[in-house]
Each structure stands twice: as C-alpha cells, then as structure tokens.
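Below is one structure; the comments refer to it alone.
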Amino acid sequence: MADNCFHCGQAIPQQDLVLKPIQGETQHFCCNGCASVCEVIHEAGMESFYQRTPAGELLSPPPPPNKNIDFYDYDEVQSQFVENLSDRREITLMSEAIHCAACVWLIEHTLAKLDGVLLARVNFTNKQIKIRWDNSKIKLSQIIKELNAIGYDATPYDPSASEAAYKKANRDLLYRLGFAGFAMMNVMWFSVALYTGAADDSEYRNYFHWLEFIIATVALGYSGQPFLKGAWTAIKSKTVGMDVSISLGMLTTYFYSLWVTLVPSHSGDVYFDTLIDFMFLLLIGRYLEAISKNKAIDSSRRLMDLQPKVARKNLEGVESVVPVRTLLKGDTIVVKPGEQIPVDGKIILGESTVNESMLSGESKEIHKHVNDSVIAGTLNVDGHLTIEVRSILQDTQLGKIVHMVEEAQGSKAPIQCTADKIMPWFVSTTITLALASFVYWFFNESIEFAVMTATAVLIITCPCAFGLATPMAIAVASGVSARNGILVKNGTVLEILHSIDHFVFDKTGTLTKGKMKVVEEGYLDANQRTQILRDVASIETMSEHSLANAIVDSVKQEFDYGVNSWSKVTNFNISSGKGVEGVIDEALYQIGTAGWLVELGITIPQTLKDKADQQAILAQTAVWIAKNGSVLGVLFLEDEIRPEAVELISRLKAKGKKVTLLSGDLNVVANRVAEQIGGMEVIAEVLPEDKNQVIRDIQAKGVKVAMVGDGVNDAPALVRANVGIALGSGTDVSMDSADIVLMNNELLAVDTAIELSAKTLRTIKQNIASSVTYNLIMVPLAMSGVLTPLIAAITMPLSSLIVIGNAARIRSFFNKRH
C-alpha cells in the first residue's frame, strides 16, 4: 500500500485513504480534495504537474498552464502558494513577459480596474506580481486570464520554477540574438558588394536588395518578435511603452527599404542592413541587462538556496531521504556533521556546534543541546543531531526572511511612484519628437535623412533607465542587507530612514539584554557564601522565573557546576509573585521578596536592609534568602546594558538625531539606564497601550520618528512610527510589525541601516540624474541628425546598464564596513 498521496506527496493516515482511477490506474490519495484536483489536472492535459525526481518523489511545482488555468481556483492547489485561504487572499505571480517599466504601469492599471482585486503591485526587478484579491468576488483564474489577455502569461511564483523560467527566457533571448547575428553577417556581404560598385548596375542592385529583404524579413519576424509583440500588446491596451518606439523605428526603416526595393527606379538606398544591425545590438543590450539585473538582485535567491530540499527522515530508527515538502510537524529527522539543517525544529537527541552566520551576518558558532531550537539553512558543524520538525519551507524563519526580502524588493518608494507617473508620458513625448524630426527633415533635406533621423530618435530615448533607477537600488540594498543580518521588509524605509529626526528606544530587551544578572551580594556570614549559593541555585533550577534563571546562570558561571552538582531538593513550592521554597537536608529555604519574608514572620536584619535601600537607588532588584526562619543574605540583580548601546547612542547624537528612552519601568530605573549609556531624554512609567500615543504626540510636532523595540507591547508603536525597527531576538509580533528586523541582534546595526539608507538614496538620485542627462544630451543629437540609428542602438542599452551597474555598487557597502 502506498505511504504517500499521489497528488501532494503527504503521508496517508490509514483511515483517510482514498482510491481513485487516474488514466486507467488506481492511485492512492490522502483526501477527496487531492483526488479531485488530480483528476481535474489530468482531464486538462496537465500531467506535467507531477514532475518527479529519479527516486519517484514529488518535488516540482505545477508548470505554467497551457490550456486550462481554472484548476488554480481549487483551494487544494492554491494552498501551495497562498498562506491564508480566507475570502481575502494574497499570492505572488511570475511573468517573464515583464521587461520594461511601462509593463509595470500597464499591469497595475489593468488589474486595478477589476472588481475584487484589492492590490496589484509589480516587482520589475524580479518579474513578480503581488496580488491581493477578494475570492468571493473574483477567482484567481479570472485574474490570470486578464493578464494573459494583455500579453503576460503569469503563473504562481515558486523559487525553483522562477529559476527555471529565468533560464528559459534567457536561452530564448540568446537564440534570437544568435539568429540576428547570423543574419547581420550575411546581409553585410551584400551591403559591401552594393557599396563597392554593385549598386551602379541596376540588375545587381535589384538582386541584392531582394536578398537583403528576404533575410531582413525573417530576422524581423523572429529576432524582432520580443519588440513587436510588446508593442502590439501595449497598443491593444491603449497605452505606450518602450517597445512601441523601438518597433516604430524598425518598421519605418523596413518599409522604407521595401519601398525602395519595389520601385527599382528609386535612387535611394535600402537600410535592411541597418535594421538588422540595430536589432542585433538591441538584443545584446537586453540580454546583458537581464544578466546584470539578475546578478544585482541574486541575494534573495542565494538565501533560498541555503535551505536544503531533502532531509533524512527518521521513522522507527530507519533513515530515508525524502523531500522536505513531504515532512509534517512532529516528524523526526537526522542531520549529520557538515550538513545544513533543512527545517526549523527542536533537538531531541545529540548535541553539536551550529553555524548561524546566515542569520546574523557574523561567523558565530553556537553550541546546541537537547531542547534547543535550530533553524533551517544553518550548518551543523560537528555533531549528530536528531530533530523534531516544527516548520518547513516557506513557514521556516529562513522562508519568512526570503518572503520579506522579496516584499521589500517589490515595494515602491515615494520617489519611484513619481517616476511611474511620468513613465506613460515619456514614450508619447518620444514619438512626438520623432514625428517632428521626420517632418522637419522631410522638407529641409530628403526622405531618407528624415526616416533615419526619426528612427534614431525613436531608438535613442530609453525610459528603462529612468524606470530602473529606484527599483534596482532598493532590490540590491534589500538583498545584500538581508545577507548581513539586517532584514528590510519595506523598501520605502530605505529612502526615508536617513532623514529620521527622532529615535525612540524601548528599554528592556533593546537597550538592555532583557536578562537579569547578579551584580551584588550581602551576607550575615560571608564564610557560608559558597554553600548558600549552591543551595539557592539548586532550588532555583526548579523554577522557570527569569530571576531564578539569572541566579542559576551566575552560580554556574562562577563555580562551573554541572547537572550532578546540585543539592537534592524536596517539598518545592512556588508562591506566585513572591518567591519559592524548598527543603535541602531537612532545612527549609525561602527565597523571594522582603515583603513575603515579613509575611512569614521572618525579621529582616537592619544591616542588610540598609544595603538593600542603597542598591534600590541604583534600580537593582533584591532577592532575599532565609533558612529555617532566619535571613542568611540577599542577592541584587540588574538588567545588563547591551555593550554596543553606548556607542550607538553616541553615533546618533553625532548625526544630530534626538534620542529618547521609552519604558514602562519606574523613573528611577529608566533614568539609571539612560545615565549608563551616555544620557538621553527619558519617558518612563508608560503603560504598554500608551506607547503608541507617545509616538503619535512626537509626530504631531512635525517630527519623523523611528521606534526601536522588541516586545509585544512595542508592536503598536512600531507600526505608528515612520520607521519601525525590531530586534531579531524579540517576539514574532514585534518583528511582524516592524519595517526593519535586526536578525543579528546588534544594536549598532541601527546605525548601519541609516548609512545604508543614505547610500541607497544617493544611488537612486545618481541613477535618475544619469538617465535624465543621457536623454537631454542624446535626444537633441538624434533630432539634429548627428546620430545614426546604429549609434542609437548601441547607446540606448548602455544607459540601462549604467543604472544597473551603479545600483550593484551597493553590494560593496558591507565589505567596506567589515
């Protein structure tokens, strides 16, 4: 009997087995839903959905639909790509047909007109379309059909499918480029013959013209197809794009040359060779642009590559290699030394050193024991681990990081929105200028010169460089920062972070480690210190309280105690909010607050009470120790200041930023922390629900605010702030609410993010300036007839490559800081 579902590959519980004939053979399914979907897929001729590895395991996602795309409406199919299957759904589609900034405008405006589509955002750099829709009003298949109608064959995005589609598109472009090169070389021989004397003989001249016409027609139909198809799609949608101006230039040259060929008595020259030449050069530019763009934004792809696709499943002591996608929560897997951990999980057997540099950006190796958590993509260095699966693939921490990076790369900064509004008018202006040039030179020179000048104008103007200026810079910055422990979830913040006026910091867990430490002690008899600490720590090991853990850790660190070093404790009991008690060697210990001991009738010695009053001024917490009704001593604990906090506050002040500590703690505690890190404004004793109002009040003064926090109570403030920054060690809620997550938990990364923001904005401005300068120089030269179409075809893609290359320089930002 089959152990896995024929459709989804999941394990089949015995009681849920469903049998159904598929193409004459009975197959096993885990539910009626999978059986129905599989049947629909086969009926639609979509058997390639089930691409398999040589071992027969289901690994590949469904390929692009060829005839029937309605099966994407099934929840069972959508569950592979959609996280929440409620009425309001969100999906990322991919379309290789997206190739210029005008495509972005066309897709977004077309989908915005559909009733039920709540959001349509196109990521130009990686050809993805993020769509949010109301499934009760419109189906996913209707959205995809609408995209198909305007020339964009979209399919649900999957990293492996994305890579395959990218390679296929580049291979297709390379074939067209190769054919154009072949045609160019052959036509060049005929052109050489015509220019060296064959044109003087009408018979030879006509013969060579027809040979050039045949080659040019085939080349235009095949190699020129991307431009012509793009132009036709734009015209059908009543818009204009870069392909419209290029196609007009090509067709004008082609039909003028055809006219000269059909009228042998015409004295003009044909320009079939020029047509093929600049078509060849344009394809070179587009191919280089695709390669350069991919290299510039491949950080997120490399992040996803960190996650293994297979795992060693451990079933009743027997290991078998299975696809990660077939694992379920609660399964156990084995990870051997030198292998990457394929899932998020918990160690249930073994210990090892794990390299987590993929999260932190630093080469930190952490020793992991039983019950410690491990993260997908990290490297198991030297131990043999058995891990219980908690989450797989896109649900892992790495998967969520990749999703957030892609979200940031697809988000639009304000400066980009301005560029998008200008884009539709750009090409229209280009066509108008080309027409004006043609009319002017037609009456003042010749029709040949007019045609060539107008063609040069159509080709020379390039809106792509302008459209790429912002998204390329944001895509590169988002990807490279993620690889260095700074996760930018919203590309907009890269434009505004450096201009933030006021930084507000949460105290506990942000400026401090959120972890208490024993900093002072007091005893009636100091000679008993070692035994007292051993007994106290033995009792506290049985408590989960943070103060208890801090005491145990301090004792462990000082005396190097192991598991077998603790005293035997009986009759352990917890008094919530007060303390703990336990019996060791028939002696009753009570460890907790002074008030609790007083309630128990225990007298607090005045000498220790005076010491406690002094330490309270320093905002330290006292834990009292009593044995058989008598106080032995007191421990004082304090939250540790992050070592880099002082340096960060100093850097922010040097940049002219205002800094504020926002805390729910007592004023004395908050002021003590502020004093230790160099002084700053303090707003203390703030209730969690009031932190949001504090940020609102600061913003009401016309100030841009960044909030840095890590707790659940910081989430509303993180959302309210102009930029929310959360530490990776914080809660899931705070990280979900923030715009930037410091996965490396380094406070100094706040300053690094500010510098990266400034670098990104400078790059955007440089890109826009270079694009505008290019057009201001080249368009007048083309209109004046100085530039030929051939020169225009060479320079046009160069403007885009300059923008891409300049954006790629951001990748060196972290190299300079290390």
Side-chain angles (χ1 to χ4, degrees), residues 346-352 366-373 383 513-612 614-616 620-640:
K346 181 180 73 173
I347 298 174
I348 58 176
L349 182 64
E351 59 180 85
S352 176
I366 302 172
H367 198 68
K368 299 280 188 177
H369 306 82
V370 172
N371 291 327
D372 284 345
S373 296
K513 291 183 177 180
K515 184 177 181 181
M516 302 295 278
K517 179 181 180 182
V518 176
V519 294
E520 186 62 53
E521 304 168 29
Y523 303 97
L524 289 181
D525 184 357
N527 293 325
Q528 297 183 35
R529 175 179 181 272
T530 301
Q531 185 60 45
I532 291 172
L533 287 176
R534 181 172 182 267
D535 289 346
V536 168
S538 298
I539 295 172
E540 296 288 18
T541 56
M542 306 180 74
S543 171
E544 297 295 329
H545 197 280
S546 59
L547 292 179
N549 293 333
I551 293 171
V552 172
D553 288 343
S554 295
V555 174
K556 276 184 178 180
Q557 188 174 354
E558 180 175 354
F559 297 103
D560 195 24
Y561 283 160
V563 176
N564 299 321
S565 302
W566 305 120
S567 304
K568 184 179 179 181
V569 179
T570 59
N571 298 328
F572 175 78
N573 187 47
I574 297 176
S575 295
S576 181
K578 297 177 180 180
V580 297
E581 60 184 359
V583 175
I584 296 177
D585 295 333
E586 299 183 355
L588 174 63
Y589 280 86
Q590 280 128 348
I591 307 162
T593 66
W596 182 49
L597 296 187
V598 171
E599 286 179 17
L600 297 173
I602 299 173
T603 303
I604 305 294
Q606 189 62 43
T607 53
L608 292 182
K609 186 176 181 181
D610 292 341
K611 184 176 181 63
Q614 293 174 1
Q615 301 304 120
Q620 294 175 0
T621 300
V623 176
W624 294 85
I625 307 164
K627 179 180 179 182
N628 293 330
S630 299
V631 171
L632 299 180
V634 60
L635 304 177
F636 299 100
L637 294 88
E638 184 179 59
D639 195 358
E640 288 188 81

How long is the gap from [atom1] on [X] to [atom2] on [Y], to the nearest 0.5 Å?
{"X": "Glu558", "Y": "Arg529", "atom1": "CD", "atom2": "CZ", "result": "4.0 Å"}
{"X": "Ile574", "Y": "Ile539", "atom1": "CD1", "atom2": "CD1", "result": "12.0 Å"}
{"X": "Leu637", "Y": "Ser554", "atom1": "CG", "atom2": "OG", "result": "6.5 Å"}
{"X": "Leu632", "Y": "Asp525", "atom1": "CG", "atom2": "CG", "result": "9.0 Å"}
{"X": "Gln590", "Y": "Ile602", "atom1": "CD", "atom2": "CD1", "result": "4.5 Å"}
{"X": "Ile551", "Y": "Lys517", "atom1": "CD1", "atom2": "NZ", "result": "14.5 Å"}

Quick one: list whatever passes side-chain contact (heavy atoms from CB on, under 4.5 Å) with [X], sequence neighbours left out.
{"X": "Val519", "value": "Gln620, Glu638"}
{"X": "Leu349", "value": "Thr386"}
{"X": "Ser543", "value": "Glu540, His545, Ala548, Phe572, Val580"}
{"X": "Thr530", "value": "Phe559, Tyr561"}

Who pairs with [X] by side chain to side chain donor-acceptor pair (under 3.5 Å), at least two apart in sequence or on another chain?
{"X": "Gln606", "result": "Asp610"}
{"X": "Ser373", "result": "Arg390"}
{"X": "Asp585", "result": "none"}
{"X": "Ser567", "result": "Arg534, Asp535"}

Item checked: Atom NZ of Lys611 with >12 non-hydrogen neighbours under 6.0 angstrom -> yes

Note to self: Does atom CD (Gln531) have a neighbourhood of more than 12 heavy atoms from anything else shown, all under 6.0 Å?
What the structure shows: yes

Within the 4.5 Å heavy-atom criterion, are [X] and [Y] side-chain neighbours or not?
{"X": "Ile591", "Y": "Trp596", "result": "no"}
{"X": "Glu581", "Y": "Leu588", "result": "yes"}
{"X": "Val634", "Y": "Ile604", "result": "no"}
{"X": "Glu351", "Y": "Val370", "result": "no"}
{"X": "Ile584", "Y": "Trp566", "result": "no"}

Item checked: salt bridge (Lys or Arg N to Asp or Glu O under 4.0 Å): pairs with one or both residues in residues 590-606, sequence neighbours excluded -> Lys578-Glu599

Next item on the list: Scan residues 587-597 for pairs that pass salt bridge (Lys or Arg N to Asp or Glu O under 4.0 Å), counting only residues two or more places apart or in two chains.
Entry: none

Next item on the list: Please list, chain by chain and in numerical order, all residues satisfying salt bridge (charged side-chain N to carboxylate O under 4.0 Å, His left out) with Asp553, sequence neighbours excluded.
Entry: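 With sequence neighbours excluded, Asp553 shows a salt bridge (charged side-chain N to carboxylate O under 4.0 Å, His left out) to Lys515, given in chain and number order.
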
Notebook entry, point to check: Taking all non-hydrogen atoms of both residues, which atom of Pro605 and which atom of Leu524 are closest, and how far apart?
Noted result: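 Reported closest heavy-atom pair: CG-CD1, 3.9 Å.
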
Next item on the list: For residues 623-632, pull every pair meeting side-chain hydrogen bond (donor to acceptor under 3.5 Å, both in side chains), keeping only residues two or more places apart or in separate chains.
Entry: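 For residues 623-632, and leaving out neighbouring residues, there are no side-chain hydrogen bond (donor to acceptor under 3.5 Å, both in side chains) pairs at all.
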
